[in-house]
Amino acid sequence: MAAIKSFQELSDYIKSGKNGGRKRMAVANPVDDHSIEATMHAVDEGIVEAYLVGDATIINEKLKGQKNIALAHVVDVKDPQEACVEAVRMVKEGECDILMKGLVNTDVILRVILNKEHGILPKGRVLTYNSILNIPGYHKLAFFTDPAVIPAPTKEQRIEMIKYALNTARRFGVEKPNVALLHATEKANPKIAFMQDYLDIIELWKNEPETFGPCIIDGPMDVFIAMDKERGAIKGVPTPILGEADVLMFPDFQSANCFYKGLVSFGGAGMAGMLQGTEKPVVLNSRSDSAECKFYSICMAAIMA
């Protein structure tokens, strides 16, 4: 499989049928325009068969004029929290392959996902958020983690986050991803809390490469070195990743969040993202994310399902 290098290539790949056909997606409380628009776009493109779990009166009104509504099954559950419970159940019991959050507070659906008895996070797994940026001017997709779930990851969590991101990149056809451990500079300052994590991760990659599989991990480095060959080369820092990063590990979710929101708002970038660590892919976008962002997040989840 050739590496998928843009969101257009992602959409084309799935529509080609190479991804195994439609996935079944349960959407919790899709009573907002963006959730319906993104879901029906994915239905129209042959990516999913949708199960819309929420107030049937509202959902049916929003479906008026849509094509392919026979592939959008409405499951009438009036209460948003109960809609989350039912959507998670459908995924848990194998009726659906993907879970998607509609118009509901993130903490509400997370409580259902994390429920020890009925949820979909296996014991011992790290729940994190893995994202993709399609950046104008960058020659391939950038996979990055974590802009939304873990505020200050431990070393053990960072290792799992990298594994998830590597798995995603490989599913997109990147056989040997380059992982950049990001910092403001390329200097490993031992006084900074997360820096020892970075150094330990690099040692683990060197000494036990089977932990991560085929990849290159290097850092600390700034974004110029990771993603801009010309600017990075000026610094003269020796690294095999120079300007070719596939996976970006950020120090914390504040820096990752600011990075992607700045690029999306002012740099024309497209973003997709999903929870990882769960039994099945979970599309969990912000309520303010665009329909396009939600659509490409569905595409991402379809490849991972």
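Predicted model, so just to flag it, every value in this text is computed and none were measured.
How far CE of Met300 is from CD1 of Ile4: 11.5 Å, rounded to the nearest 0.5 Å. Separation of atoms CD1 (Ile36) and NZ (Lys64) is listed at 13.5 Å; rounding is to 0.5 Å. Rounding to the nearest 0.5 angstrom, the gap separating the CG atom in Asp79 from the CG atom in Asn29 is 8.5 Å. One distance of note links NZ of Lys123 with NZ of Lys116; it measures 8.0 Å at 0.5 Å rounding. Interatomic distance, Cys293 SG to Met271 CE, rounded to the nearest 0.5 Å: 4.0 Å. Rounding to the nearest 0.5 angstrom, the gap separating the CG atom in Asp44 from the NZ atom in Lys67 is 5.0 Å.
The side chain to side chain contact (heavy atoms under 4.5 Å, CB included) test with Ile298 is passed by exactly one of Met100, His41, Glu45: Met100. Considering Thr128, Asn257, Asn130 in turn, Thr128 is the only one that fulfils the side-chain hydrogen bond (donor to acceptor under 3.5 Å, both in side chains) rule with Asp146. Glu95 pairs with exactly one of Lys280, Lys23, Arg24, Arg89 by the salt bridge (charged side-chain N to carboxylate O under 4.0 Å, His left out) rule, that one being Arg89.
A donor-acceptor pair is defined here as one N or O able to donate and one able to accept, closer than 3.5 Å; no such pair exists between the side chain of Asn105 and the backbone of Val108. With hydrogens and angles ignored, the 3.5 Å screen pairs a side-chain donor or acceptor of Lys101 with a backbone N or O of Asn285. A donor-acceptor pair under 3.5 Å links the side-chain atoms of Lys140 to the main chain of Glu244, judged by distance alone. Checked by atom type and distance alone, the side chain of Asp55 pairs as donor or acceptor with a backbone atom of Thr57 at under 3.5 Å.
Side-chain atoms of Gln276 and Thr145 form no donor-acceptor pair, as typed in the model, at a separation below 3.5 Å. At a cut-off of 3.5 Å, with distance as the only test, no side-chain donor of Asp289 or Ser286 sits close to an acceptor on the other residue.
Ile234 places none of its side-chain heavy atoms less than 4.5 Å from the side chain of Phe224. The side-chain heavy atoms of Tyr129 and Phe253, taken from C-beta on, include no pair separated by under 4.5 Å. Residues Leu141 and Val174 have side chains not in contact (no heavy-atom distance under 4.5 Å, counting atoms from C-beta outward). Val91 is listed as a side-chain neighbour of Cys96, based on a closest heavy-atom distance under 4.5 Å. Taking the side chain as every heavy atom from C-beta outward, Ile241 and Ile225 never approach each other to under 4.5 Å. Residues Arg170 and Cys215 have side chains in contact (heavy-atom distance under 4.5 Å, counting atoms from C-beta outward). Proximity of Asn178 to Asp246: side-chain heavy atoms (C-beta onward) are separated by under 4.5 Å at one or more points. Looking at Val149 and Leu284, their side chains never come closer than 4.5 Å, going by heavy atoms from C-beta outward.
Residues Phe250 and Ser255 come closest through the heavy atom pair CB-OG, 3.7 Å. Counting all heavy atoms, side chain and backbone alike, Gln66 lies closest to Met40 at OE1-CB, 3.4 Å. In this structure, Leu121 and Gly277 approach most closely via the heavy-atom pair CD1-O, 3.3 Å. When every heavy atom of Ile47 is checked against every heavy atom of Cys299, the shortest pair comes out as CD1-SG, 3.6 Å. Nearest heavy-atom pair across Ala226 and Ala180 is CB-CB, 3.8 Å. Closest approach of Ala50 and Thr39 over heavy atoms only: CB-CG2, 3.5 Å.
Residue Lys235 qualifies as enclosed at atom NZ: its count of foreign heavy atoms under 6.0 Å is above 12. Annotation: Lys18, atom NZ; neighbour count of heavy atoms from other residues, nucleotides and ligands within 6.0 Å does not exceed 12. For Glu230, the CD atom sits in a loose shell: 12 or fewer heavy atoms of surrounding residues, nucleotides or ligands are nearer than 6.0 Å. In Lys78, the NZ atom is crowded: over 12 heavy atoms of neighbouring residues, nucleotides or ligands sit closer than 6.0 Å.
Under the 4.5 Å side-chain contact rule for hydrophobic residues, Val74 and Leu71 share a cluster. Residues Leu52 and Met90 fall into different hydrophobic clusters, defined by Ile, Leu, Val, Met, Phe, Trp and Tyr side chains chained together at heavy-atom separations under 4.5 Å. Linking ILVMFWY residues whenever their side-chain heavy atoms come closer than 4.5 Å, directly or via other members, places Met221 and Leu248 in the same cluster. Both Ile202 and Leu242 sit in one connected hydrophobic cluster of ILVMFWY residues. Membership requires side-chain heavy atoms under 4.5 Å apart, directly or through other members. Taken together through direct or relayed side-chain contacts under 4.5 Å among Ile, Leu, Val, Met, Phe, Trp and Tyr, Val237 and Met227 form part of one hydrophobic cluster.
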Please assess Leu10 against Asn134 for the test side-chain contact (heavy atoms from CB on, under 4.5 Å), listing each intermediate value before the final yes or no. CA-CA 11 Å; Leu10 168 61; Asn134 189 169; over 6 Å; no
How far apart are the C-alpha atoms of Arg171 and Met1, what are their side-chain angles, what is the distance that settles it, and do they pass the side-chain contact (heavy atoms from CB on, under 4.5 Å) test? CA-CA 9 Å; Arg171 295 287 283 271; Met1 170 184 175; over 6 Å; no
How far apart are the C-alpha atoms of Ile162 and Phe212, what are their side-chain angles, what is the distance that settles it, and do they pass the side-chain contact (heavy atoms from CB on, under 4.5 Å) test? CA-CA 8 Å; Ile162 291 171; Phe212 300 103; 3.9 Å; yes
Step-by-step side-chain contact (heavy atoms from CB on, under 4.5 Å) determination, His183 to Ile192: CA-CA 10 Å; His183 179 39; Ile192 298 174; 3.4 Å; yes
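Using bins of under 30°, 30° to 60° and over 60° for the plane-to-plane angle, the ring pair Phe144/Phe259 lands in the perpendicular bin.
Under the salt bridge (charged side-chain N to carboxylate O under 4.0 Å, His left out) criterion, Arg125 pairs with no residue, sequence neighbours left out.
The side chain to side chain donor-acceptor pair (under 3.5 Å) contacts involving residues 192-201 comprise Lys155-Asp200, Arg158-Asp197, Gln196-Asp200, where partners must be two or more places apart or lie in separate chains.
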